[in-house]
Every structure is written in C-alpha cells, then in structure tokens.
Amino acid sequence: MKKLLLALAMLPLTAGMAAAQQGDAAAGKTLWADELRCKDCHGGVAEGAFGPDLAGRGLSAAQVRQAIRKPWGIMPMFTDVQVSDQEINNLTAYFASMPKPAQPGPWKTEVPANAPAGQRTMISVGCGQCHGNVLIGPRDDMGAVNADINWLKDLVYNHVDGIKRHAQAVGTGNGPARPHMGNFNPDRVTEAQLAQILDWIKSDVGFRAAMRGRLTKGQPGEKGVTYTLDVQNLGLAGKGLGAEGVTVRLVIPEGSQVVAATGAGYKGVRKDDKEQAQVAEWSWPKAGPRDKQSYTITLSKPGTQKDNLRGMIMWEKPMIKPGPTGDQIAIPGAPL
Ligand code: HEC
Ligand code: HEC
C-alpha cells in the first residue's frame, strides 16, 4: 500500500518529465522546415537523401542527441547554440509523428558525371548538399581573404567560432546568431580532402569578389520614399579580390516611378526585358577591396511585400571560369 501511494504521488512528475522528453512535434516540424539545414542532407520531410531517413523510425531523443552531439560518421557536429536539447526533443517528436517513408529521396546535389576530383570530394563529403555544385557562398568569402588551407580548416572544423572570427575580420558583425553549418570531424573529412577542394575551387572555378549590397528601409518624404543602397567590396586590404566593370541594378516595383537618384555613375532608368520591369542602374568601373559606394533612390510609391525594391550587383571581372556572362549577386529586398 505504501509503495502504491508513493507511485501515485510520483505519477504527475514522471508524466511531466516524459512530456518534456517527448517534445513538441509541431515546433519540431517548423524547426526542420524553416530554420535548420538538416533537411539539405536528410530530405524535406526527413525521408532520407544524402543522410539516412529519420521519419517514423522510432528513434529516441537520446539516439538523436548522440547523432547530433557526437556524430559517428561524416555528419558534422552541432553545438547547443545551433540546436538546443529541448529542440532535439522537439525534432524527435516530429520524426515520431510521421510515417516511415517508402523509400529515401535523391541527394539534393549529385556528383556530376566526369566531375574533377576536388568537386567529387566536395559533394561526396556533404558540402555540396548545402552549398550546391560549385560551393556558392564560401567562394565569396574565399575571395575576400584569398583563402588558404588554415582559413578553410578553421571554418570547417571549428565552424561555430570560425564564422564569428571571419565576420569580425571582414566587418560584418559577429556572424549568424545560430550558424547553420556544423563542425566537421577532421578524421572524417581530412585536411588532404580540404586541400583538394580548395585547389579545385582556386584553379577550376575561381574565387569570387565578396560584393555585398544592402538597402535601408524606405524613408517617406515630400517627393516620395527614399531608400539608401550601400554597396561594398568586403575583401580585406592586400588580400581580397577586386571587381571590375561593376553594374549595380535596382528593380523598380510595378506602378512606382523613379523621382530622383544620386550616387556616382548613375546611368538612369530603362525597361529591362529579363526582369520585365523598370530598372535603375549605376556603373562602377573598379571596386577594390574595402571600397564602398552609397546610392539613393526616391520612388513615387514604396515597395510592398509582394513587389519589393530589390536588385543585383553584376561584374565582368573576375568571372566564374566556366561561364560567359560575368558574375552577379543579389541585393536582398529593402526592409519593409
Ligand atoms: C552533411 C549532411 C548532414 C547534415 C547537415 C546533417 N546530417 Fe544527420 N546524418 C548524416 C549522415 C551521412 C548520417 C549517417 C551517419 C554518418 O555517416 O554520419 C546522419 C545520421 C543522423 C542521425 C542518426 C540516424 C540513425 O539512423 O541513427 C540523426 C538522428 C541525424 N543524422 C539527425 C540530424 C539532424 C537533426 C541534423 C541537423 C541538426 C542533421 N542530422 C544534419 C548527414 C547529415
Ligand atoms: C548543413 C549545410 C552545410 C553543410 C553540409 C556545409 N556548409 Fe558550409 N556553410 C553553411 C552555411 C549556412 C554557412 C553560413 C554560415 C552559417 O550559417 O553557418 C556556411 C559557411 C561556410 C564557410 C564560411 C564562409 C561563408 O560562406 O560563410 C565555408 C568556408 C564553408 N561553409 C565551407 C564548407 C565546406 C568545405 C563544407 C563541407 C566540408 C561545408 N561548408 C558544408 C552550410 C553548410
């Protein structure tokens, strides 16, 4: 009897603990779909791709935690800054809430036929699942610092701290609050493999100038709404790549007119067939490392969620090696 009472008294506590351990499947689903990048390797609904299927397998929170904190294979490790223990419980609940897939999906990025060795390695150790088949993203940062193997090792093996150091070096703050790439294990992705990847990027594809454009929120005034656009080459002095023959382009929201524009090299407004919109353009002959330009544009009507002011930076040199059309990077929409 005494034992039974004790068991009854403990019931709410253990039930509560079990609930916390079970986690929240809906929160896990949102985390998977909108926040983390696990899906690049494990599939959009955890059906399996480059990494194994996780849905409907009956994995326990302890098993999921072990795979994330102490991965045994090629999967990178994620710290609690990246995925907390509670979030791991939520992910576990999400996996448990789904049926087991009939079969896993394809890799997001497959190794192209006749891929050079460096590209083959890059995709087959997992980088290509998130970065595509020519390491988009990292190539800009490589161009900013003229990357060597020590820089790459820091960003791959100590990513969570390394990305902070890199952001501070190029002057973009402290990097993302929740870095999405994990720390790779040097026993699984070796220094020799990283050197091979770096050589391939350098010789076959080319580093990219680290150009960046940012629009401010539109400021209403007498004549219309004025936006400021800052364009910068984030490259480090003496190290970074310059960009030549730069065109800075803003795509004007439909129904809005350009009332005024300022900044060096303003070329005016014209209809662009590809954008199917009016575009305002500036030219900038040479953007060396650390160079910065500021432009303003005043529109008769502000952009909207659906049709926001946004743009593109394009340059002729240096080019991605296999392409004939120069290089380009998007200017994200202005804050609304
Ligand atoms: C670079 C690709 C990659 C990324 C990113 C990745 N995984 Fe994995 N994951 C793998 C691979 C591959 C395995 C199989 C073991 C191995 O080789 O590491 C694995 C194994 C697992 C397992 C163990 C499955 C089992 O059968 O026991 C879990 C759980 C898991 N991953 C969850 C996650 C979660 C959650 C994330 C995001 C925080 C994530 N993975 C990100 C590639 C990845
Ligand atoms: C889970 C997706 C994912 C995988 C797998 C991945 N990365 Fe990343 N990587 C990112 C993201 C996202 C960033 C931007 C910083 C962040 O959020 O962590 C990044 C940043 C980097 C950076 C720093 C420069 C930059 O662009 O910010 C380098 C270098 C890099 N990755 C190289 C690699 C290499 C090499 C591999 C394979 C060994 C790899 N990555 C695998 C997602 C991934």
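Not measured: the values here are computed from a predicted model. Read the numbers this way: they start at 1 and go in the same order the structure lists the ligands and their atoms.
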Just need the protein heavy atom nearest to [atom], so name the residue and atom and give the distance.
| atom | value |
| --- | --- |
| atom 23 (C) of ligand 2 | Leu155 CD2, 3.7 Å |
| atom 36 (C) of ligand 2 | Cys127 SG, 2.8 Å |
| atom 27 (O) of ligand 2 | Ile163 CD1, 3.4 Å |
| atom 3 (C) of ligand 1 | Cys41 SG, 2.8 Å |
| atom 16 (C) of ligand 2 | His180 N, 3.3 Å |
| atom 39 (C) of ligand 1 | Met75 CE, 3.4 Å |
| atom 11 (C) of ligand 2 | Met181 CB, 4.0 Å |
| atom 26 (O) of ligand 2 | Asp141 OD1, 2.9 Å |

[X] to ligand 1: N or O pair under 3.5 Å?
| X | value |
| --- | --- |
| His42 | yes |
| Arg37 | no |
| Phe184 | no |
| Ile74 | yes |

Quick one: does [X]'s side chain have a donor or acceptor within less than 3.5 Å of a partner on [Y]'s backbone?
| X | Y | result |
| --- | --- | --- |
| Asn90 | Asp24 | yes |
| Asn158 | Asp161 | no |
| Thr172 | Gln168 | no |
| Tyr227 | Pro302 | no |
| Asp307 | Glu254 | yes |
| His159 | Leu155 | yes |
| Arg188 | Phe184 | no |
| Gln276 | Asp273 | no |
| Thr298 | Val259 | no |

_Check: Thr228/Thr296 side-chain N/O donor and acceptor closer than 3.5 Å_ = no
*If we ignore angles and hydrogens, is there a donor and acceptor under 3.5 Å between the side chains of Thr109 and Gln129?*
no
*With atom 8 (Fe) of ligand 2 as the reference point, give the N/O/S atom of His131 that is nearest.*
NE2
Specify side chain, backbone, both or neither for [X], according to which of its non-hydrogen atoms lie closer than 4.0 Å to ligand 2.
| X | value |
| --- | --- |
| Trp151 | side chain |
| Pro138 | both |
| His159 | side chain |
| Leu152 | side chain |

*Indicate, as side chain, backbone, both or neither, the part of Arg57 found under 4.0 angstrom from ligand 1 when only non-hydrogen atoms are considered.*
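It is the side chain that gets close, since no backbone atom is under 4.0 Å.
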*asked:* Using a 4.0 Å heavy-atom cut-off, which part of Leu54 comes near ligand 1: side chain, backbone, both, or neither?
replied: side chain
Look up atom [atom1] in [X] and atom [atom2] in [Y], then write down how far apart they are to the nearest 0.5 Å.
| X | Y | atom1 | atom2 | value |
| --- | --- | --- | --- | --- |
| Gln257 | Leu299 | CD | CG | 9.5 Å |
| Arg37 | Gln82 | CZ | CD | 12.5 Å |
| Gln328 | Met314 | CD | CE | 6.5 Å |

*asked:* Looking at Glu87 and Arg65, is any side-chain nitrogen of the basic one under 4.0 Å from a carboxylate oxygen of the acidic one?
replied: no
*Applying a strict 4.0 Å limit to heavy atoms, is Ile68 in contact with ligand 1?*
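It does; at least one heavy atom falls under 4.0 Å.
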_Could you check whether any heavy atom of Gln82 sits closer than 4.0 Å to an atom of ligand 1, since that is the contact criterion I want to use?_
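The answer is no, since Gln82 has no heavy atom less than 4.0 Å from ligand 1.
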Which option out of [options] puts a heavy atom nearest to [atom]?
| atom | options | value |
| --- | --- | --- |
| atom 1 (C) of ligand 2 | Cys130, Ala144, Cys38 | Cys130 |
| atom 14 (C) of ligand 1 | Gly51, Pro52, Ala46, Ala67 | Pro52 |
| atom 15 (C) of ligand 1 | Trp72, Phe50, Tyr94 | Trp72 |

Just which atoms of ligand 2 are under 4.0 Å from any heavy atom in [X]?
| X | value |
| --- | --- |
| Gly126 | 5 (C) |
| Gly137 | 26 (O) |
| Pro176 | 16 (C), 17 (O) |

*For atom 42 (C) of ligand 2, decide whether some protein heavy-atom distance is shorter than 4.0 Å.*
yes
*Closer than 4.0 angstrom: is that true for some heavy atom of Ile197 and an atom of ligand 2?*
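No heavy atom of Ile197 comes that close to ligand 2.
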_Atoms of ligand 1 close to Gly73 [distance to a heavy atom under 4.0 angstrom, numbered from 1]_ = 16 (C), 17 (O), 18 (O)
*For the residue pair Pro318 and Gly242, what are the closest heavy atoms and their distance?*
CD-O, 3.2 Å
*Taking atom NZ of Lys267 as the centre, report whether more than 12 heavy atoms of other residues, nucleotides or ligands fall under 6.0 Å from it.*
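Buried by this count: over 12 neighbours within 6.0 Å.
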